[in-house]
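Take a look at the structure set out below.
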Amino acid sequence: MRRAGKGRTRLLVTIAGVLMMALALSGVTAAAGPGETGNGTIPPGFTKVTFIHTADGPPEVAVEHASDAGASPFSSGTAPACSDDTTDGSDQCDSFSWSGRYWEGAAVTYNVNLNNSNDDGGFLAAVQASADTWAADADSDFDFTFGGTTERKASSLKNKMDGYNDVTWESLNKYQNPIAVTIFWYYTSTGLVVEADLINNKNYAWATDGDLTAYDVQNIDTHEFGHYLVLDDLYDDSDSALTMYGYGALGETQKSTLGTGDELGIASIYPTSTPTPTGSIAGTVTDDAGTPNGIDGATVSTGTGQSTTTAGDGSYTLTDVPTGSSTVTAAADGYLGAADSTTVVENLTSLVSFTLAAVPTGTITGTVTDAADSNTIGGATVSTDTGEDATTDTNGFYTLTGVPTGERTVSVAAAGYGDASQDVTVTDGGIAIADFPLTEQTVATSVSVGPFTYSGDGGRSKDKHVSVTIALVDNLGDAAGGASISVRMDSNSGGSATGSGTTGSTGTITFTWSNAPGDCYTTTVTSVTFGDLTFDPTDSTSVEVCKTEF
């Protein structure tokens, strides 16, 4: 307790409750992201594939290293057959092989590390040109993005994933010194590729000027970026001029340009998005009067999602409607809807017009009265479930016009009375009667303080602690449960205490002054808050009592 002045303290109000809060924790397992590294082993759920580009010798197939037993083998795909246009093999349009793996979103961002590359000043541009050769294919949506230079080495060489797609020059002794390798990682279960690294062998000479004693950067890396996509190597002699032919040679440059088979390969895996052919639908929406009038603001829509509203003269135009059969609907307030179908032709406008019939309506009328004495009730609000409304006059009379035909629900509300509703049948041009006798409803408007009950306990005379129980009631005599109340208790010895709390369901609350001084006390209710009910603090809120009285 904290005392202030002469014995001022706080009344003790005990409120017991339990607050329980549940915390949900979720665990997520994911592949290594940028900046992270593995531990030198293939992560669970992933497969690592190594494409090895050799100068000659037996074909080096892609080596697949699965982290899970039973990883699915590669499957090859071929493009539709077509005739060759050349004799050098570059237009072998039925020649490409695909591993069945793919990049999500058909886009890859890569970085380049030129360390150990004996860069002649043009290597970076040559690497970018290699990627751009594939990205520029008009029949594919695949896109390569250069992410800048880096100092990172290819993490894949150490059986790690770091979330970056890097092009580097490093020693490839572990692969028997091929020209280059491309290593990519994919989810074993889905085939979704998550990372790829391209490593050029630093143990060889590289150039960009056609040097016959060196490997051309753009020539070799265009082939390697084909593995990024993920295309396989080809080894038939008829495919020797294609970019994806599996052998490379010193001074070779022909792989820098895609052949038809290469183009069909990327287009088959990552095809362009073909726009849906569309046309238009136009027309007018008018009423069915003797002289048709355009309906302003009518809604016209198709089953494929196109929608518009009519102009003041009832005209409309729907654009970008997919070709083929289309159902068109028209709707307007106060009219019956209509539908029609048409065939939409690419880049042409189909004409569909509507004549809408007015919704048949009737009238509802009646009187609102007091159920107790049959006196009429003016100012009552009467409404229907279709939105029509009216207010009763001084004689309690109302009329609702333009009410749509059919079963309608009519509702009425009036101050001081309980709400009421009833169903009526509205016919075309007819008058339905709906009278309402309302029952007066008394609503509590104020709250006041009921009886005070004192008690004492503790000490020899059982009056060391003084408690006061206060009841709150509304003006209808009902308990004011859940009301907020504040009190002050003053003793004849000059001390005082304050407290606040919330009444229980019975409208009562008990405040206790521990070790209370003095012999007599005056308790005052200083404030009460109970919804929007009013409270008068001068209304029997101060009660005096002495210990001898309890």
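As a basis for the values below, the full set of heavy atoms in this structure was taken, side chains included, without hydrogen atoms, waters or symmetry mates. A quick note: this is a predicted structure, and the numbers were derived from the prediction, not measured.
When side chains are defined from C-beta on, Thr365 counts as touching Ile431, because their heavy atoms get closer than 4.5 Å. Residues Asn515 and His465 meet the side-chain proximity criterion, which asks for heavy atoms closer than 4.5 Å. Here the side chains of Leu318 and Val328 are in contact, with some heavy-atom distance below 4.5 Å. No side-chain heavy atom of Tyr521 sits under 4.5 Å from any side-chain heavy atom of Asn492. Within the 4.5 Å cutoff, side-chain heavy atoms of Pro322 are placed close to those of Gln306. In this structure, the side chains of Tyr164 and Asn111 come closer than 4.5 Å at one or more pairs of heavy atoms. Inter-residue side-chain proximity for Thr384 and Leu400 is flagged as met; some heavy-atom pair is nearer than 4.5 Å.
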What verdict does the side-chain contact (heavy atoms from CB on, under 4.5 Å) test give for Leu356 and Val285, after you've listed the backbone C-alpha separation in whole Å, the side-chain angles of each residue and the deciding distance to 0.1 Å? CA-CA 7 Å; Leu356 303 185; Val285 180; 3.6 Å; yes
Would Thr523 and Phe511 count as a side-chain contact (heavy atoms from CB on, under 4.5 Å) if you check the C-alpha gap in whole Å, the side-chain angles of each, and the deciding distance to 0.1 Å? CA-CA 10 Å; Thr523 301; Phe511 295 94; over 6 Å; no
Going through the checks in order, is the salt bridge (charged side-chain N to carboxylate O under 4.0 Å, His left out) test met by Arg408 and Asp423? CA-CA 6 Å; Arg408 301 273 74 89; Asp423 294 332; over 6 Å; no
Walk me through it: do Val321 and Thr319 pass the test side-chain contact (heavy atoms from CB on, under 4.5 Å)? CA-CA 6 Å; Val321 183; Thr319 59; over 6 Å; no
List the steps and the verdict of side-chain contact (heavy atoms from CB on, under 4.5 Å) for Ile470 and Val449. CA-CA 7 Å; Ile470 302 172; Val449 178; 3.8 Å; yes
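Annotation: side chain to side chain donor-acceptor pair (under 3.5 Å) contacts of Trp134 (sequence neighbours excluded): none. Partners of Tyr110 according to the side chain to side chain donor-acceptor pair (under 3.5 Å) rule, which considers only residues two or more places apart in sequence or in another chain, do not exist here. Checked against side chain to side chain donor-acceptor pair (under 3.5 Å), Ser491 has the following partners two or more places apart in sequence or in another chain: Ser493.
Between the OG1 atom in Thr392 and the OH atom in Tyr398 there is a gap of 10.0 Å [rounded to 0.5 Å]. Here the OG-CG distance, from Ser268 to Leu229, works out to 12.0 Å after rounding to the nearest 0.5 Å.
Using a 30° and 60° split on the angle between ring planes, Phe144 and Phe142 fall in the perpendicular class, above 60°.
Few gaps surround CG on Asp373; more than 12 heavy atoms of other groups in view lie less than 6.0 Å from it.
Salt bridge Lys160/Asp162: absent, no basic N to carboxylate O contact under 4.0 Å.
No side-chain donor-acceptor contact under 3.5 Å links Glu263 and Ser140.
Each of Ile509, Val447, Thr508 was checked for a side chain to side chain contact (heavy atoms under 4.5 Å, CB included) with Thr503, and the lone residue meeting it is Ile509. Of the residues Trp103, Trp185, Tyr102, the one that meets the side chain to side chain contact (heavy atoms under 4.5 Å, CB included) test with Leu192 is Tyr102.
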